[in-house]
Peer 1: 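Please see the structure below; I have some questions.
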Protein chains: 2
Amino acid sequence: MHSGRLVGRGGATLASLARELGVSRTTVSNAYNRPDQLSPALRERVMKAAERLGYAGPDPVARSLRTRKAGAIGLLLTEQVSYAFRDPAAVAFLEGLTLECDRAGIGLLLVPASPDSDDVRSVTRAAVDGFVAYSMPEDDPFLAAMLARPVPTVISDQPATDAADLVGIDDRAAMRNMADHLISLGHKRIGVICMRLGRDQHNGVVDERRQEGAGYHVQRNRLAGLRDGFEAAGVAWDRIPVVERFDHSIAAGASAAGQVLELDPGITALVATSDVLAMGAIGELRRRHKRVPQDISVTGFDGVKAALDAGVTTVSQPVTAKGREAGRLLLDPAVRHRARQVMLPTTFVAGTSTAPHHG
Amino acid sequence: MHSGRLVGRGGATLASLARELGVSRTTVSNAYNRPDQLSPALRERVMKAAERLGYAGPDPVARSLRTRKAGAIGLLLTEQVSYAFRDPAAVAFLEGLTLECDRAGIGLLLVPASPDSDDVRSVTRAAVDGFVAYSMPEDDPFLAAMLARPVPTVISDQPATDAADLVGIDDRAAMRNMADHLISLGHKRIGVICMRLGRDQHNGVVDERRQEGAGYHVQRNRLAGLRDGFEAAGVAWDRIPVVERFDHSIAAGASAAGQVLELDPGITALVATSDVLAMGAIGELRRRHKRVPQDISVTGFDGVKAALDAGVTTVSQPVTAKGREAGRLLLDPAVRHRARQVMLPTTFVAGTSTAPHHG
DNA sequence: TTGTAGGCGTTATCAG
DNA sequence: CTGATAACGCCTACAA
């Protein structure tokens with residue numbers, strides 16, 4: 001640290017500077033904010049005096065209070081902020097969002113929201129002109145606190161609310177499509193691994209009730225899409241083992257795959273609701289001497305780079321575009337009031353992790 | 001957007017709520033900030049009235065002004081913010097930094113700083129309690145504006161300043177080490193590709209003057225370390241082609257490698273000052289039917305995951321730890337005043353991209 | 001347990 | 001081009 005020490009105490013202010021110079025506060029303010037409203041000479045004098053007195057310019061917070069603009073928007077994430085930087089999809093979303101922030105010259109405030117605390121003051125006290133929520137469960141207290149704030153809000157991957165704009169994809173249809181792909185390959189006996197379905201730390205088998213009551217809209221819809229497809233093909237959904245993991249990591253995918261295999265060693269395909277889980281699963285299967293895709297087909301979701309590179313059959317969703325769209329909805333005055341919901345397209349990507357099953 | 005519309009106009013305030021209830025402002029304030037200073041009944045009444053009047057709680061900005069705390073720190077990056085999310089090293093730094101922010105319950109404000117503008121108001125006007133600067137050139141106007149602000153500051157990868165705390169690695173020694181490695185393998189004829197050395201958009205050969213005048217401390221030191229090693233081994237530094245690229249990408253690495261090869265087709269080793277450039281270079285060499293490492297050895301720097309996975313010989317630096325350390329220096333009161341400079345260790349990683357040269 | 005009152009540092013407005 | 005006045009919305013001694 002350096003200077004910091006003197007903040008507040010002894011710190012020169014607009015007023016003290018004005019007094020010192022024998023001019024009005026307006027004049028000093030103008031020197032900073034409207035140089036054209038001032039004779040160059042006077043402005044020069046002001047700046048000189050500022051330097052001499054160690055005045056660094058108008059206080060941002062006081063300015064914000066007066067102008068009623070924070071110059072920043074807040075981002076709320078499912079998890080601790082640091083977690084986002086380990087998740088390639090979140091990073092891509094952030095890239096898109098900051099693209100728009102950069103364009104608008106607006107800051108992005110990453111709001112801390114520890115999932116094991118219900119202290120929502122970080123949300124209540126964030127000095128922002130708007131909020132974006134990324135992939136939050138419906139019953140999250142931080143989300144509720146955010147929606148209570150009187151600022152514009154955009155939510156990504158959530159069911160419709162009239163309290164906020166929305167941006168998302170049709171998870172259900174995309175996953176239905178994936179189901180159809182597997183069915184067309186002849187797979188009828190499958191297993192499923194999915195990300196967390198609720199705020200409670202559940203790891204293990206998911207029953208139907210939990211599937212339908214899932215607070216995570218995205219996961220719920222992906223499972224529903226899968227069910228749509230398999231039931232349409234005459235496969236009983238309640239026979240299919242669905243295993244949930246709270247953590248979203250390669251390791252979680254691996255262990256979930258292991259658990260599914262124990263529940264039903266005879267599956268010919270394993271569906272993961274995310275690429276990260278799929279990659280973990282593939283690793284685990286190989287470790288168990290199952291060939292992918294010859295013995296077992298594996299599918300993912302998201303289209304993150306690592307998965308595409310690895311040839312995982314997946315659904316590619318435009319995560320970066322989603323972030324951009326969220327930013328535009330919030331920041332672009334021309335877009336405001338136009339659309340309250342933006343649905344983005346997804347693409348099915350046939351990789352090398354799926355193959356026909358000849359039963 | 002939703003509510004937003006009514007902000008400011010008609011918005012209830014602490015004062016209006018108090019008036020409505022016939023109590024003092026203190027009481028309402030206490031209802032939010034010190035519930036124990038209030039009878040539960042009264043508090044309940046306050047909250048009810050708040051709900052009825054659409055009062056969402058104390059205004060964060062006004063609160064900040066009064067308490068002189070923003071509850072956030074700012075991060076300044078070399079480039080547009082969105083760019084950081086494409087750079088694995090920057091993402092890792094962010095992860096470390098946000099780890100500490102999460103712990104402290106403090107927000108992280110990503111400050112927009114377009115490199116092609118000198119409008120530093122985004123820095124001047126950021127409502128933060130401190131700043132972290134990541135990998136900025138010495139002569140950057142945004143950096144200067146940041147240092148002028150009367151708040152604590154931590155800089156990553158910069159030369160010593162008494163205006164801020166520092167966190168970094170010994171780039172020069174680490175690269176010297178890499179030079180020694182190559183020399184011990186018998187390489188004497190090498191080429192070098194490096195990241196941008198200054199704010200001007202230069203792409204191409206770098207002369208000695210530019211090397212030494214580089215505004216990017218890190219790059220300057222890495223080149224210096226290389227020079228140290230090769231000159232000590234009797235190799236004339238001015239014979240070695242050094243090619244700079246402004247962009248930091250795989251493509252830039254590839255094109256830089258191509259240019260080096262044209263300058264000296266006889267090199268037996270190619271040193272890159274970053275893993276990203278090294279990976280680009282390796283791709284380009286293979287495209288030109290040069291075998292790595294049999295025909296040409298290639299080295300990187302940073303130790304990003306993709307490079308380690310690909311077996312690139314590199315220097316692994318603790319980027320995440322660097323971010324954490326920056327956060328601690330700024331946020332942890334126990335750490336403040338202790339160390340003004342934190343140097344982190346690096347590790348040489350022998351990969352499969354280097355091999356002996358038998359001249 | 002509740003109220004009084006003074007500022008935090010700035011900018012908008014409007015008059016000179 | 002310059003200045004006076006009035007908020008912006010809140011926190012926090014201090015007093016009752």
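Chain A is the first sequence line, chain B the second, and so forth, proteins listed ahead of strands; every chain is numbered from 1. Just the heavy atoms: all of them, side chains too, but no hydrogens, waters or symmetry mates, feed the values below.
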Peer 1: Would you mind telling me which residue lines up with the more 5' stretch of DNA chain C, B/Gln37 or A/Asn30, judged by nearest nucleotide?
Peer 2: B/Gln37
Peer 1: Name the closest nucleotide to the A/Val23 side chain, picking from D/dA6, D/dG3, D/dT12.
Peer 2: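 Closest nucleotide among those given: D/dG3.
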Peer 1: For C/dT10, take OP1 and OP2 only and decide whether either is under 4.0 Å from a side-chain N or O of A/Ser29.
Peer 2: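 No, A/Ser29 has no side-chain N/O under 4.0 Å of OP1/OP2 on C/dT10.
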Peer 1: Rounded to the nearest angstrom, tell me the gap between atom CG in B/Leu21 and atom P in C/dT2.
Peer 2: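 Roughly 12 Å, once rounded to whole Å.
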Peer 1: Which part of the nucleic acid does A/Thr27 contact within heavy-atom distance under 4.0 Å: base, sugar-phosphate only, or nothing?
Peer 2: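 Result for A/Thr27 = sugar-phosphate.
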Peer 1: Can any side-chain N or O of A/Arg125 pair as donor or acceptor with the backbone N or O of B/Gly71 at less than 3.5 Å?
Peer 2: no
Peer 1: Quick one: closest heavy-atom pair of B/Val61 and A/Ala127, and the distance?
Peer 2: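 Result for this residue pair: CG2-CB, 3.8 Å.
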Peer 1: Would you mind telling me which of C/dG3, D/dC10, D/dG3 lies closest to the side-chain atoms of B/Thr26?
Peer 2: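 Given the options C/dG3, D/dC10, D/dG3, the side chain of B/Thr26 is closest to C/dG3.
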Peer 1: Tell me which residues in residues 40-47 of chain A put a heavy atom below 4.0 Å from DNA chain D, sorted by number, or none.
Peer 2: A/Leu42
Peer 1: Tell me if the side-chain of B/Arg25 makes a donor-acceptor pair with the base of C/dA5, cut-off 3.5 Å, by modelled atom types.
Peer 2: yes
Peer 1: What is the distance, to the nearest angstrom, from the CZ atom on A/Arg125 to the C1' atom on D/dG9?
Peer 2: 15 Å
Peer 1: A/Leu331 and A/Glu100: which non-hydrogen atoms are nearest, and at how many Å?
Peer 2: CD1-O, 3.8 Å
Peer 1: Check the distance between C/dG7's P and B/Leu14's CG and give it to me in whole angstrom.
Peer 2: 19 Å
Peer 1: Could you tell me whether A/Arg34 contacts a base, only the sugar-phosphate backbone, or nothing, with contacts defined as non-hydrogen atoms closer than 4.0 Å?
Peer 2: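 Result for A/Arg34 = sugar-phosphate.
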Peer 1: Which nucleotide sits closest to the side chain of B/Pro58: C/dT4, C/dT11, D/dC10?
Peer 2: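 Shortest atom-to-atom distance from the side chain points to D/dC10.
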Peer 1: Side chains of B/Phe131 and B/Leu330: does their closest heavy-atom pair fall under 4.5 Å?
Peer 2: no
Peer 1: In this structure, how many angstroms lie between the P atom of D/dT2 and the CG atom of A/Leu38, rounded?
Peer 2: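 Spelled out: CG on A/Leu38 to P on D/dT2 is 5 Å.
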Peer 1: When you measure only distances, ignoring hydrogens and angles, does the side chain of A/Arg66 come within 3.5 Å of the base of D/dA7 through a donor and an acceptor?
Peer 2: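 Yes, a donor-acceptor pair under 3.5 Å.
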Peer 1: Whole angstroms only, please: what is the CZ-C1' distance between A/Arg19 and C/dG9?
Peer 2: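 These atoms are roughly 12 Å apart.
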Peer 1: Under 4.0 Å, heavy atoms only, any strand: does B/Asn33 hit a base, just the sugar-phosphate, or nothing?
Peer 2: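 B/Asn33: backbone/sugar contact only, no base atoms under 4.0 Å.
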Peer 1: A/Ser24 side chain N/O closer than 4.0 Å to the phosphate oxygens (OP1, OP2) of D/dG3?
Peer 2: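 Answer yes for this pair, as a side-chain N or O of A/Ser24 is under 4.0 Å from OP1 or OP2.
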Peer 1: If I take atom CG in residue A/Leu65 and atom P in nucleotide C/dA12, what distance separates them, rounded to the nearest angstrom?
Peer 2: 12 Å
Peer 1: Rounded to whole Å, please give me the gap between CZ in A/Arg63 and P in C/dT10.
Peer 2: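 Rounded to the whole Å, the gap is 10 Å.
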Peer 1: For A/Ser117 and A/Asp119, does a side-chain donor sit closer than 3.5 Å to a side-chain acceptor?
Peer 2: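 Not at all, the side chains of A/Ser117 and A/Asp119 share no donor-acceptor pair under 3.5 Å.
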Peer 1: Indicate, with a heavy-atom threshold strictly under 4.0 Å, whether B/Tyr32 touches base, sugar-phosphate, or nothing.
Peer 2: nothing
Peer 1: At 4.0 Å (heavy atoms only), tell me whether B/Ser39 reaches a base, stays on the sugar-phosphate, or touches nothing.
Peer 2: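 Here B/Ser39 touches the backbone only, sparing every base.
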Peer 1: Do any N or O atoms from the side chain of A/Thr78 and from the backbone of A/Ser135 form a donor-acceptor pair under 3.5 angstrom?
Peer 2: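 Confirmed, A/Thr78 side chain pairs with A/Ser135 backbone.
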Peer 1: Using 30° and 60° as the class limits, which term best fits the ring planes of A/Tyr55 and A/Tyr32: parallel, tilted or perpendicular?
Peer 2: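 Rings of A/Tyr55 and A/Tyr32: perpendicular, as their planes differ by over 60°.
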Peer 1: Check the distance between D/dC11's P and B/Asp59's CG and give it to me in whole angstrom.
Peer 2: 9 Å
Peer 1: If only atom types and distance count, is the side chain of A/Thr161 paired as donor or acceptor with the main-chain N or O of A/Ala164 below 3.5 Å?
Peer 2: no
